[in-house]
Amino acid sequence: MAAQAQIAPSILSADLAYMARDLETISGADLIHIDVMDGHFTGNLTFGVEMVRMCKRISNVPLDVHMMVTNPDETALWYADAGADYVTVHMEAATHLHRIIKNLQDRGVKAGVVLNPATPVCSLESIIEDVDMVLVMSVDPGFGGQSYIPGTDAKLRQLRALCAEHGVSPLIEVDGGVSAKNVRRVCAAGADVVVAGSAVFGAADPAAEIVTMRELGTQGIADRDA
Ligand code: DX5
Ligand code: ZN
C-alpha cells in the first residue's frame, strides 16, 4: 500500500484573534506548519519562539517550523527548545548548514533544508545524506495565497532522482499555492508533505478540507509509485 500524503496547514492563514480555536479545527492535520519570518529574509514579519511554545502547549499535532530568517545559525536551536518537531532552514540563509542540521538533530528534532524557487536541486548534493526533510518552495516566501510555480513539478522529480542516487529518503515537503486542485499532481511529482495555508483556512470546513487533500495527495503518491 502506498504511503499516505501528509497535510501541514500553515497557521499564517489562521485567524490570529482565534488561534486556539483554529488550532483545534486543524487537530486532524499531520503537522502544523509555522512560518517564522524576520522582516529581513522576507519583508514580512510573523511569528517567533513564543508562538511555537504556545502551539506546543495547546496542540498534540507535531510542529513543523519553517525559518525564513537571515540568521538561522544563531537562532535555529531556539525553536528546537521551544517545542518544534521539525525545523527547516533556508539554504540561501545558512552559513554553516551542516553544523545547524547536526546541532538540531543532536537536540532531538528532525532537521531540514529549504530551497527557494530559484535555488537548484544540485545545491543539495553535499547535504542530502544528512537531512531529515527537504522543503521545496513553490512560491517565493513572504506571503500566503500566492500561485504555485509550475516548474516546481520538474524540480521535485529531480530531487527524488538525487535522493535515489544517494540511497536516502528524506521527507519531501512542498510549500506555496497547493490546494485540492493540484495536490494530487504535486504528490505525483514527488511531495510527501504539502503545506496548505489559504486552501485549508479559506475552506468552509477546514477539517474536511484536510481529509480531502490527504486523500488526493495519497492518490498522487500511488500514481508516482505505480
Ligand atoms: C510562504 C509561506 C507558506 C504560506 C503558504 O512564505 O512559507 O507557508 O503560508 O500559503 P498558501 O498555502 O496560502 O500558499
Ligand atoms: Zn512555509
Side-chain angles (χ1 to χ4, degrees), residues 5-16 19 22-23 25-26 29-49 51-52 55 61-70 72 75-76 79 84-94 110-119 131-153 155-156 171-187 191-204 206 209-210 212-214 216-217:
Q6 299 187 45
I7 309 300
S10 165
I11 57 166
L12 189 59
S13 297
D15 186 338
L16 271 181
M19 196 52 101
D22 282 3
L23 287 171
T25 303
I26 59 166
D30 299 285
L31 296 172
I32 292 174
H33 188 80
I34 304 177
D35 284 310
V36 174
M37 301 188 195
D38 67 352
H40 295 277
F41 185 78
T42 55
N44 200 3
L45 177 65
T46 58
F47 314 126
V49 282
M51 179 62 87
V52 175
C55 290
V61 180
L63 306 179
D64 171 32
V65 175
H66 173 194
M67 296 188 63
M68 287 161 278
V69 305
T70 53
T75 57
Y79 293 87
D85 294 275
Y86 289 82
V87 175
T88 56
V89 300
H90 270 261
M91 172 73 85
E92 304 82 12
K110 304 277 187 201
V113 61
V114 194
L115 299 186
N116 268 340
T119 304
V131 294
D132 301 300
M133 179 187 260
V134 177
L135 171 49
V136 176
M137 291 307 298
S138 40
V139 299
D140 280 299
F143 300 97
Q146 303 182 76
S147 301
Y148 182 88
I149 297 173
T152 311
D153 289 13
K155 205 168 168 180
L156 288 168
L171 270 183
I172 297 179
E173 182 177 40
V174 173
D175 186 1
V178 182
S179 69
K181 287 200 179 72
N182 59 2
V183 63
R184 181 170 181 169
R185 201 191 78 216
V186 173
C187 289
D192 305 306
V193 184
V194 298
V195 176
S198 44
V200 166
F201 288 104
E209 196 63 20
I210 291 170
T212 302
M213 286 187 69
R214 190 187 287 120
L216 291 165

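Just so you know, ligand 1 is whichever comes first in the structure, and atom 1 is the first atom listed for that ligand. Quick note: residue numbers are just sequence positions, from 1.
When every heavy atom of Glu209 is checked against every heavy atom of Val200, the shortest pair comes out as CG-CA, 4.3 Å. In plain terms, the two heavy atoms of Leu63 and Val52 that are nearest each other are CD1-O, 3.6 Å.
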Just list the side-chain donor-acceptor pairs under 3.5 Å for residues 5-14, sequence neighbours left out, or say none.
from	atom 1	to	atom 2	distance (Å)
Ser10	OG	Leu12	N	3.2
Ser10	OG	Asp35	OD2	2.7
Ser13	OG	Ser198	N	3.3

Show me, pair by pair, the donor-acceptor contacts under 3.5 angstrom made by side chains of residues 110-118, not counting sequence neighbours?
none

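In this structure, the side chains of Ile26 and Phe201 come closer than 4.5 Å at one or more pairs of heavy atoms. Counting heavy atoms from C-beta on, the side chains of Met67 and Phe41 never come closer than 4.5 Å. Considering only heavy atoms from C-beta on, Arg185 comes within 4.5 Å of Tyr148 through its side chain. Residues His66 and His90 form a side-chain contact, since some pair of their non-hydrogen atoms from C-beta on lies under 4.5 Å apart.
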Give the C-alpha distance, both sets of side-chain angles, the deciding distance and a yes or no for side-chain contact (heavy atoms from CB on, under 4.5 Å) between Met213 and Val178. CA-CA 9 Å; Met213 286 187 69; Val178 182; 4.1 Å; yes
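The count of protein N, O or S atoms under 2.8 Å from the Zn ion (ligand 2) stands at 4, with waters excluded from the count.
Ligand 1 lies under 4.0 Å from heavy atoms of Ser10, Leu12, His33, Asp35, Met37, His66, Met68, Met137, Pro141, Gly142, Phe143, Gly144, Gly145, Asp175, Gly176, Gly177, Val195, Ala196, Gly197, Ser198.
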